[in-house]
Amino acid sequence: MKSETGFDPALYARFPTPGERPEGELEELERIWCAPRGWQLLTAVNNNYIGFFYVAAAFLFFLLAGILALVMRVQLALPLQGVLPQDTYNQFFTMHGTVMMFLFAVPMVEAIGVLLLPQMLAARDLPFPRLSAYAFWAYFVGGLCFFTSLFFGLAPDGGWFMYPPYTSITYSPGINADFWLLGIGFIEISAIAGAIEIVVGVLRTRAPGMTLDKMPIYAWAMLVFGVMIIIAFPSVILGTLLLELERAFNWPFFDPTRGGDALLWQHLFWFFGHPEVYIIFLPASGLVSMMVATMTRTPLVGHYLIVLAFLATGFISFGVWAHHMFTTGMPNLSIGFFSAASMAVSVPAGIQVFSWIATFAVGKPRYNVPTLFLLGGIVTFVIGGLTGVMVAMVPFDWQAHDSYFIVAHLHHVLIGGMVFPMFAAFYYWTPMTSSRALSEQLGKWAFWLMFTGMQVTFWPMHLVGLMGMPRRVYTYLPGREWEVINMISTVGAFTLAAGVLAFLIDVARNFRFTTDSDAGNVYGGGTLEWLPTGLYSTRSIPVVKSREPLWDDPKLAEDVEAGRYFLPGSATGLRETIITSPLRAEPQYLQIMPGPSAWPFLGAVFTAGFFILLTVQAYIPSFACGILAVICVLRWLWDTDRLVKEPDVDVGAGIRLPTYVTGPDSHGWWAMMILLIVVGMIFVMGVFSFFYLYGVQPRFWVAPADLWSLAMVLPAYGAASGLAWLARYMLAREATELWTPGVLFLCGAIALATGIGADLWSWIASGLRPDASGQGATVYALLGLEAMLAAIGLLMAGYISARNSRGMIVRPHNNSLDLCVLWVIYTAGQGALTAVLTRAVGG
Amino acid sequence: MTSGSIFAVFDPAGPYAGSITTLAWVLIAMFVAVLAVVIAALWIALRGSGRLKARLGGTRAIWIGGIGFPVVVLTALLVYGLTLTRHLTAPMPQDAMRVRITGEMWWWRVAYLDPSGRPFMLDANELHIPAGRPVLLELESNDVIHSFWVPRLSGKLDMVPGRRNTLPIQADGPGVFAGQCAEYCGGPHALMGFVVIAHEPAAFDRMMAARRAPRPVPDERGRQLFRSTGCAACHRIAGTEANGMAGPDLTHVGSRRSLGAGILPNNRGTLAGWIGDSQAIKPGNRMPPYKTLSAADLQALAAYLEARK
Amino acid sequence: MHTVRALLPLLLTAGCKPPPDEAQHMPQADPVRGKQAIVRAGCGACHVVPGLRWPQGQSGPSLEGFADQGLIAGRLPNRPDLLVAYVRNAPATLPGTTMPAMPLTDGEARDVAAYLYASGKR
Amino acid sequence: MRTWAFLLGGLVIWAVHFFTLYIMASVFLTPPLARTLTMLITLACLGAIAFLAFKARRIEIETATDSWVRAVALLGMGVGGVAIVWQALPALLV
């Protein structure tokens, strides 16, 4: 048999192990994983809790943004209504879009992932439980503060797309726009944290034997989802940074009179914004694929086709961003490329839809509430997809763009593609996390009201859009016959809301949260999340031999519950899970996991505080919060990366796995690599902005800093990476008394700071100022990014020295040092590229 | 105020909008056909006979329905769309009439250009064109992004600060065509309308000639008032000392069909009302209210402006 | 739609109010057409007109409850014939008034007056 | 890595093709030159896909996972190829 890691797959034959498990093993497992109670629940990090909080919070934002939509529909029901004054309406529609996209849709799919994935992969938890806790609390606290701005009339009013120059300081002098930029900025950071968690989780914490082809389709969807966030979100992070720099310090990125360009924002925003749609849709599609299979009691037809569809969507969706810009007057050739890619991306959608239809045809569908939502979702999504093909046709888009036709299109796609599947998932997976299932009867009411309401609301909008009604209007004049259509839409919106209300009643009556006495496998699903679970997930971690293990091995649940598989108890007396290899899921080592801690929660609160206080220009409290946040994060990290006594332990059936692994096999290394990809993407988008502005307005560009300065900058960066590498190398050698790795690393970080300092100095000496032109702004932005990374490098040096002094940097290899070395080497590389590229053009 | 057919995109008035309407009908047919296929397939999958279900239940169905069929349809559409794009953006004849329209918060600056590209006549919020002849619009913006959209004449095109976009339009016959700003530009974006009026070519030439003819001396009292009240700081009236460029050009304001960028009928009464308190009519617009004007002055100003044909 | 909405206030008030004042009776005038004329001429640019959501200009006095007012523009007796003349050509009817002449035919002016009287009764 | 290269190869080549064309269209705006370059780039990318597909067909099949990887890889190359051809159409038609 082929092996990826040297693990012999024949060992799987030892499971299920015969015989009884020792007395007290299960009790110990329960004790180790038991959750904090009362107020202490804030310190919980287990995915059962964090996932549930996350879903609940995201749903709260769905309701809030939905209420905004209802008020807007009242305002538009008749021409020239006075329900919402102009300013308030503009804030309402901005908040509706922003909250739905950033505070509901992405967090919701991520939340469902946090809740479901470990269960589905039979991992004890996600690989970085404290990171998910941090991501959740930062999102929740920050999101609530952000939403509250509406009550003070301070909510952003530039649209969820925030196009400058309208959102520049000249035309939006208030702090409303800053709320958007800073509020969204860190919600993006929280999304990225979650994505790193999910990618590493799917690739490295699958149950043994769960090879790529046996991975549940939902895990595939989440893998692609995570990678897409990692590639797409940096673009909008950079965009928000640039716009905030322009607003705060007058750096003209988007100001055409000084060599900026308003369209740069649109490129940055939509490079994120369109993949965003698929980031929302793919996880939902994964859920649909899982549920269709269960509801028809048959394996998904064309599983590999759907996997391919996910992968293809993940790629091609990055080639369609400019179809939001067909009317900006781009050259025909560019427009054509984006039109073609927009067509191409609908092929994977077709594959998914026909795959579901084929599965329905093979199996015997049951007509319960999840199935209804699935069918309603498929039909609605197809309608949205087809209007999507229509607007991918450039000339048609010239008419439809920014009209109500688009409003109808995007709501069909998002409600059909994500909201209906989400409700199906709520009904389907509630028995996993509640002691009672939801009601079939109320559920049917909820579905039919929502489905009817949805169609009644949005079908007429296609028409009124083609009758000339633009989007984002707070009112319209009478006499164009838009009145009747708008009134119908409003009635539909309230019908839709009534459906949501029915669902809420159902939840209030039947939902009872539990982690260990859930209602069980009501619908007869075949994947691992339906194994009996406690807070530790499954008692033992099964060997996976097929895609629907529960269908193929009826005894599996019993064996797992009796502890006859991997890791029947705790091997080290700590929280732990098995890390497996990425392709064939062969067990590699035992990961020791951190338990409950207040630090992620406090860190998140202070992070949110930093951004929010910064927005309201309370600088001193804000920076105090920032420092506290850093301290909290360092304090939480301090507990991690510890050795346990036993270098390797028995994880069941006599199979021994190491408890501490360093280097490219460790999950920490993977997470750091992904983080570096995120940073690298921010850098790439920064370089794109630099060359883009040069291409648009070269006449504003002056001669760059002289090349001689490179003679100082490049060696400094070279020294930084060399010293960092040396620190790691010397740690592995026995005799390193004088040059302790801590000191070497510190020298590396200082070299890094020298490099960026020299580069900065040479640019200042060249006379270019950041507020002078697009060139100045982008050059100093790139330098600023590099300086920030270098500052983090210095912080790391302090952290490493502190650990070193406590003897926590262990030989021969140590994860904390490894990861910091990676960081410094990357930063040095980026710094060198920055220095060379910024001098490449101009003059 | 606004006028014209309510069916906008479905009732094109010229070739540029017309070919898009044809495309729209083709796309709608595609929409209906594909939706019908999907719903039929879903119906068979759920309720069909065993034989039909068996044919649908397999990867072959996905290959045909999910890959083959879309590839064929989309290739055809892509070729159609790209060809039409090229056709619609083909260069205009050199001698075509050119007009520069500049987006402002929240109105439109209109400048008729001579063959050398210099403005020879200024106006606002209304465009007069000859029927049956193509007209090239140069679209610009002085502040934020706006979008020019008169659905019965052509698709929309954005007005981006720092850039100049060109849009060809043509009306086949005389008529009045309503438009509206289509890119959110803040504040009263919803009340930023526009009107295109197409004339018989002969009538159009007469109108332009009349506008360019030497103007009779305007009434002295109104002119005085226009200056002393401060109107002239923002508004221009050709042939007088009023030369402000911040607000709409009022040289021909009396001949406009609407006030406040396509939102209010234009007559002496509404002119007076607009001057007195335009904020009550179009909240957020840039013109301050003049509530302190005396009755006689307001009357005289309104009469003066109404006479600027 | 227009008709229904314009008549709504009438329907609401028809039942519970005394019969129209003889002095304000407007034969052969149609309040519905009057409302259309008001929209077309843009009276709302200066006045709050009952039943008109927009515009609601503040330059002139509100026309709510016009039937119950004693005087037109504070000086003329509130009589139908005077009102008709006034809405058409205010400066001629009452020299020195702020209100300009409006582009209304005599018939339209009668309709407008009828609308003001009808919708003013509350 | 080999496995991932096969699984994602077709789509990666699509991405390379797309961004090359995008950059090219942004730099050279003269249609005849752009057209020729598009043709060349497209042929090169299609050739790369064909080469990869040839290699992928010869993946040793020992486990179910291997045959699954081969199926997904080949399909990915097919989709990538179609998308590349579409991507080239604008340069030829616009």
Notebook entry, point to check: Does B/Lys309 NZ have over 12 foreign heavy atoms under 6.0 Å away?
Noted result: yes
d(B/Ile275 CD1, C/Cys46 SG) to nearest 0.5 Å is 9.5 Å
On a heavy-atom basis, the closest approach of B/Asp277 and C/Ser59 is N-OG, 3.6 Å
Residues B/Ala295 and C/Thr98: closest non-hydrogen pair is CB-OG1, 3.3 Å
Whatever's closer than 4.5 Å to a heavy atom in chain B on C/Met102 counts as side chain
Whatever's closer than 4.5 Å to a heavy atom in chain C on B/Leu298 counts as side chain
Nearest heavy-atom contact between B/Leu191 and C/Trp54 is CD1-CZ2, 4.4 Å
Practice task
Measure from the side-chain N and O atoms of B/Gln299 to the backbone N and O of C/Met99, and report whether any donor-acceptor pair falls under 3.5 Å.
Solution key: yes
Whatever's closer than 4.5 Å to a heavy atom in chain B on C/Gln58 counts as both
When every non-hydrogen atom of B/Gly269 is compared with those of C/Pro100, the smallest separation belongs to CA-CG, 3.3 Å
Nearest heavy-atom contact between C/Ala41 and B/Asn267 is O-ND2, 2.8 Å
In short, B/Pro265 meets C/Val39 closest at the heavy-atom pair CG-O, 3.7 Å
